[in-house]
2 protein chains.
Amino acid sequence: MADHNALPLVILAEKFASLPGIGMKTAQRLAYYVMSMSEKDVEDFADALVSAKKNVHRCKNCMNLTEREICPICSSEKRDKNIICVVEAPRDVTAFERTREYHGVYHVLHGLISPLDNMTPEKIHIKELIKRISEGKIKEVIMATNPTVEGDTTAMYIAGLLKPLGVKVTRLAFGLPVGANLEYADEVTLYKALENRNDM
Amino acid sequence: MADHNALPLVILAEKFASLPGIGMKTAQRLAYYVMSMSEKDVEDFADALVSAKKNVHRCKNCMNLTEREICPICSSEKRDKNIICVVEAPRDVTAFERTREYHGVYHVLHGLISPLDNMTPEKIHIKELIKRISEGKIKEVIMATNPTVEGDTTAMYIAGLLKPLGVKVTRLAFGLPVGANLEYADEVTLYKALENRNDM
């Protein structure tokens, strides 16, 4: 925004633009929109920002975000504590919970190993996972990181650490997405789908 | 977000989702991102929201957003007070200022006439424009609303009110955008470009 614009508006637009996926044009539009909100709504928004940051932290057990000491999933009687699903980020927990088909617990790494981005194994919550497994009677650990170079690397690295502990380590299946069109599937996915074919 | 998510995060995501152009998935992503910001950055963001809403209001003269009583453009010695460019919203002022070619002043309507959306002429700042013109020695009013049904209707309506006051009313030129390809121009634009052709 040029200097004819009110400074608080310029500052607000810059704040919006600092969020991921929001460019300067969208940020300006959002700043103008805030002007059209009621003063109470704007204050509620500001409170929601501060309150989320202050009251939400990582579950002591699984590292997922929660406002309690132990998250509702870890403290639920209904969840099978013998199966741990290892994911990159809290959003992945949300994705699995949406399926309503997974009844074990989670472990959130908060990142993936990526030497090029200076993400070393110590920077993600691997040692907390090892601790959980050495303490409890874990039957299976499902490596549910994304099927990318970083996701695969992280899954392989962790599997290497866990196998000596005598725990079963599995990986999510790769294959065609449901509803996909063969014609548009990429070669690697198609190869994985062929390789992992099942009896009918 | 499902009930396994921390409530403050759910509330924050809903606040983001209430902004225009931000869906629930993006809102969740933004809420998670806020968790990764420093506490100070989050508080600065919250302050920027409240401060913009509290300190920015409409210029008494042109209705553009400003933190002063009279905006920098209206109070500048360098601007030609005899030409008023009438626009729909503050973002349009920003667009004109970017050209660095307009040296008159503005009048921001804060909306367009649109009976279907219950936007009647009284709901936008038309009477403040009439007042400015009846008080000052305005030579020209440029109707710079968008070339849409609502923009054209509003421009026609205001022109009808201003002409009896003896002021020159003009409208932005319609034609091909610079760098456009004839092949892809829509019929109405091409017709306007033909109709408004200039001598070379």
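Reminder, nothing fancy here: chain letters follow the sequence lines and each chain counts from 1.
- Only the backbone of Ser18(B) comes within contact range of chain A, with at least one heavy atom under 4.5 Å from a heavy atom of that chain.
- Val56(A) and Tyr33(B) fall within a single hydrophobic cluster, where Ile, Leu, Val, Met, Phe, Trp and Tyr side chains are chained together by heavy-atom contacts under 4.5 Å.
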Go through the steps for Leu49(A) and Phe16(B) under the test side chain to side chain contact (heavy atoms under 4.5 Å, CB included), then give the verdict. CA-CA 10 Å; Leu49(A) 274 168; Phe16(B) 276 121; 4.2 Å; yes

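- Interface remark: of the candidates Ala48(A), Ser36(A), Pro20(A), Pro20(A) forms the most heavy-atom pairs closer than 4.5 Å to chain B.
- Tyr102(A) is not connected to Phe174(A) by any chain of hydrophobic side-chain contacts under 4.5 Å among Ile, Leu, Val, Met, Phe, Trp and Tyr, and they are in different clusters.
- For chain A, the nearby part of Ile22(B) is the side chain; its heavy atoms alone come within less than 4.5 Å.
- In this structure, NZ on Lys15(B) lies 7.5 Å from CE on Met37(A), to the nearest 0.5 angstrom.
- With a 6.0 Å radius and a threshold of 12 heavy atoms from other residues, nucleotides or ligands, Glu69(B) has its CD atom at or below the threshold.
- Although no hydrogens or angles enter the test, the distance criterion places a donor-acceptor pair under 3.5 Å between the side chain of Glu67(A) and the main chain of Leu7(B).
- Ile124(B) and Ile130(B) fall within the same hydrophobic cluster, where Ile, Leu, Val, Met, Phe, Trp and Tyr residues are linked whenever their side-chain heavy atoms come under 4.5 Å apart, directly or through other members.
- Looking at Leu30(A), the atoms closer than 4.5 Å to chain B (heavy atoms on both sides) all sit in the side chain, from C-beta outward.
- Criterion: ILVMFWY side-chain heavy atoms under 4.5 Å apart, direct or through other members. Under it, Val87(A) and Leu112(A) are not part of a common hydrophobic cluster.
- Residues of residues 38-47 of chain B placed with any heavy atom under 4.5 Å of a heavy atom in chain A are listed by number as Ser38(B), Glu39(B), Val42(B), Glu43(B), Asp44(B), Phe45(B), Ala46(B).
- Linking Ile, Leu, Val, Met, Phe, Trp and Tyr whenever their side-chain heavy atoms come within less than 4.5 Å leaves Val149(A) and Met143(A) in two separate clusters.
- Of the two parts of Ser76(A), neither the backbone nor the side chain holds a non-hydrogen atom closer than 4.5 Å to a non-hydrogen atom of chain B.
- Summarising the geometry, atom NE2 belonging to His110(A) is positioned 9.5 Å from atom OH belonging to Tyr32(B); distances are rounded to the nearest 0.5 Å.
- Contacts of Asn181(A) classified as side-chain contact (heavy atoms from CB on, under 4.5 Å), with partners at least two apart in sequence or in another chain: Glu183(A), Tyr184(A).
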